[in-house]
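Chain letters run A, B, ... following the sequence lines, proteins first and then strands; every chain starts at 1. Because only heavy atoms are used, hydrogens play no part in the values below, and waters and symmetry mates are left out as well, while side chains stay in. Source: prediction; values computed, not measured.
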Number of protein chains: 2
Amino acid sequence: MADLKTNLNNYSLDEEELRQGIELLFYAYRDFTSEPDKILAKWGFGRAHHRVIYFVGRNPNITVTELLLILQITKQSLARVLTILVKENFINQRADPSDRRRKLMTLTEKGQQLEKELTSTQMARFNRAYNETDTEAIEGFRRVLRGIINPHDRARVRPRTGLSHRRN
Amino acid sequence: MADLKTNLNNYSLDEEELRQGIELLFYAYRDFTSEPDKILAKWGFGRAHHRVIYFVGRNPNITVTELLLILQITKQSLARVLTILVKENFINQRADPSDRRRKLMTLTEKGQQLEKELTSTQMARFNRAYNETDTEAIEGFRRVLRGIINPHDRARVRPRTGLSHRRN
DNA sequence: TTTATTAAGTCAACATGGCTGACCTTAAAA
DNA sequence: TTTTAAGGTCAGCCATGTTGACTTAATAAA
């Protein structure tokens with residue numbers, strides 16, 4: 001934190017601003033995960049299952065290795081939830097024809113339904129937040145969040161299309 | 001999700017935009033917590049300890065009940081980490097003179113040092129992200145994140161002061 | 001003043017989801 | 001043919017969330 005100003009309170013104005021960002025992110029993430037967690041509990045699942053379902057749904061034919069790169073957890077941690085999701089028919093695996101070591105994963109119909117139920121609560125939350133602001137705020141939100149992500153992984157989220165949100 | 005448009009791909013443009021927001025939040029939080037986690041591991045602590053240290057540091061003389069409202073965990077979950085932090089002299093507790101049932105918590109010198117070490121990595125991350133954008137983007141970031149937080153808790157993060165960030 | 005109520009602490013028990021390290025199979029690449 | 005890569009699996013550990021019941025001490029209410 002080399003370039004932070006300090007004052008007599010051992011408390012810089014910039015530090016205050018940065019801490020507010022930290023807290024906003026903490027509270028937002030806390031609430032963002034709270035609704036899906038309740039739905040997952042009905043199925044005996046946890047947040048880890050949601051993440052797997054989400055990213056398989058979002059990236060059809062994803063491999064285990066790619067999923068590990070996204071989630072940044074160990075193979076064993078992933079295997080625990082993935083095995084259950086395959087056994088209970090939420091996720092389908094089939095060998096990649098061009099490299100039969102790889103297994104391409106997709107959501108089953110059942111998996112898609114659960115994914116939609118879970119993610120719709122989060123999309124509704126974003127939709128409300130977006131509607132309370134404007135296009136410029138949303139763009140700023142995206143740019144700052146992108147800057148918080150480690151540079152190497154910023155490209156994982158598709159950049160905005162040219163089409164603007166319906167407000168404005 | 002009443003007002004989402006749909007197209008032939010069962011895929012609306014708005015849905016794409018909302019999902020990008022979800023993913024940005026996921027990746028940002030993932031990376032935001034990764035650096036403190038490494039430091040905490042050296043002390044035998046976890047993310048839960050960081051959260052307690054952070055919010056006690058940020059809210060001197062906070063009570064257990066208030067901390068529970070912030071963290072949204074059970075008393076037992078908090079007690080486990082809090083007991084350790086008090087025993088190992090990171091946090092001080094003293095009875096509130098005006099209501100001796102309440103215990104007011106503050107960071108010790110040792111606690112302040114660890115807090116600074118942990119949080120400085122996150123502040124540095126925000127500082128970098130903020131410096132890559134501009135005042136308007138930061139303000140948009142804050143407004144959208146605030147909108148994602150459950151309305152009741154939005155006031156927990158102090159609103160911006162009139163003083164602007166040093167860029168622009 | 002007796003009776004709630006509140007703040008905090010505690011115990012036992014359980015589940016989720018991280019982790020490590022070792023090891024195996026199969027398939028592709030060198 | 002040997003090495004590497006993708007994936008799976010086992011045993012065990014730890015952190016951190018959960019519930020429910022119960023206790024103590026102090027304040028507030030009847």
Checklist entry - What do the steps show when you test B/N150 against A/R125 for side-chain hydrogen bond (donor to acceptor under 3.5 Å, both in side chains), and what is the final call? => result CA-CA 9 Å; B/N150 288 345; A/R125 185 178 290 272; 2.8 Å; yes
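A donor-acceptor contact under 3.5 angstrom links the side chains of A/E23 and B/Y54, judged on distance only.
The main-chain N or O of A/G140 is never found under 3.5 Å from a side-chain atom of B/E136 such that the two would form a donor-acceptor pair.
Between B/G147 and A/A129, the shortest heavy-atom distance links the atoms C-CB, 3.6 Å. Nearest heavy atom pair, residue B/F55 against residue B/I62, reads O-CD1, 4.4 Å.
Taken residue by residue, residues 34-44 of chain A places no heavy atom nearer than 4.0 Å to DNA chain D. Contacts with DNA chain D (heavy atom under 4.0 Å) in residues 84-103 of chain A: A/Q93, A/R101, A/R102, A/K103, listed by number.
The side chain of A/H49 contributes no N or O atom lying less than 4.0 Å from OP1 or OP2 of C/dT16. OP1 or OP2 of C/dA8 sits under 4.0 Å from a side-chain N or O of B/T65.
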Contact list (N/O, under 3.5 angstrom) for nucleotides 17-20 of chain D vs protein:
| from | atom 1 | to | atom 2 | distance (Å) |
| --- | --- | --- | --- | --- |
| D/dG17 | OP1 | B/R51 | NH2 | 2.5 |
| D/dG17 | N7 | B/R80 | NH2 | 2.3 |
| D/dG17 | O6 | B/R80 | NH1 | 3.1 |
| D/dG17 | O6 | B/R80 | NH2 | 3.4 |
| D/dT18 | OP2 | B/T74 | N | 2.6 |
| D/dT18 | OP2 | B/T74 | OG1 | 3.0 |
| D/dT18 | OP2 | B/S77 | OG | 3.3 |

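C/dA15 atom P lies 19 Å from atom CZ of A/R47, rounded to whole Å. Rounded to whole Å, atom P of D/dG7 lies 10 Å from atom CG of A/L69. What separates CG of A/L68 from P of C/dG18 is a distance of 11 Å, to the nearest Å.
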